[in-house]
Structure formats: structure tokens, C-alpha cells
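Sequential numbering from 1 along the given sequence is applied to the chain's residues. Side chains included, hydrogens not; waters and symmetry mates left out as well; all remaining heavy atoms used.
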Amino acid sequence: MAAHLTFKERDAFTQRLKSSLKNRGLNPNSPTQLLRAFQQQSGGLQVSQSTVHKWLSGDSLPDSHNMEIVAKICD
């Protein structure tokens, strides 16, 4: 998914993600907080903290299944 997006598009996603996390009371610069929320919503699905860091930095985007979980976290 991320391979077909421009830097600008990935950056826009990252900014929307951080804004949504902040609105939900989570620190938008904390991979740990997003990881904990992800684990609570995922029903046992595991991702690494480095993966979550990449989502927050715009280096990569969640795959479609993980994106659904992130969307639930962000409401």
C-alpha cells in the first residue's frame, strides 16, 4: 500500500493519525501508547513497537487489516 503513495500522501496520513490520537487522549508521539491501544483493539494480533513507530513517522502505513484496527482506535 505505502509503496504506491507519495511522501506527501504518507505525511498527510501521519498527520491525520496523530491528530486523531490526540483527540482520543493519546500522545501522538508515543509508539508505546498506540501499541497498547492496538493490542487492546486487535484481539491478540501482535505488531512490533518499531512497526508502530514507522506508522507514526510516515515510513510505512498499516496493511488493510491493521488499518481497520487503527481506525477503531481513532474512532
K.L.:
Distance from Q39 atom CD to L45 atom CG, nearest 0.5 Å?
P.N.:
9.5 Å
K.L.:
Which heavy atom of F13 sits nearest to which heavy atom of W55, and what is that distance?
P.N.:
CE2-O, 4.4 Å
K.L.:
Step by step, would you call N66 with T51 a side chain to side chain contact (heavy atoms under 4.5 Å, CB included)?
P.N.:
CA-CA 11 Å; N66 290 343; T51 296; 5.7 Å; no
K.L.:
State the CG-CD distance between D63 and E68, to the nearest 0.5 angstrom.
P.N.:
9.5 Å
K.L.:
Counting N and O atoms only, with roles assigned by atom type, does the side chain of S20 sit under 3.5 Å from a partner on the main chain of R16, one being a donor and the other an acceptor?
P.N.:
yes
K.L.:
Got a sec, which pairs hit side chain to side chain donor-acceptor pair (under 3.5 Å) with one end in residues 22-32, sequence neighbours left out?
P.N.:
K18-N29, T32-Q49
K.L.:
Would you mind reporting whether C74 and L21 have side-chain heavy atoms less than 4.5 Å apart?
P.N.:
yes
K.L.:
Working to the nearest 0.5 angstrom, can you tell me the gap between Q41 CD and L34 CG?
P.N.:
11.0 Å
K.L.:
List the atom of A37, the atom of L26, and the distance in Å for their closest heavy-atom pair.
P.N.:
CB-CD1, 4.2 Å
K.L.:
Consider side chain to side chain contact (heavy atoms under 4.5 Å, CB included). Of I69, V47, I73, which one does S42 pass it with?
P.N.:
I69
K.L.:
Identify the heavy atoms of P62 and V70 that sit nearest to each other, and give their distance.
P.N.:
CG-CG2, 4.1 Å
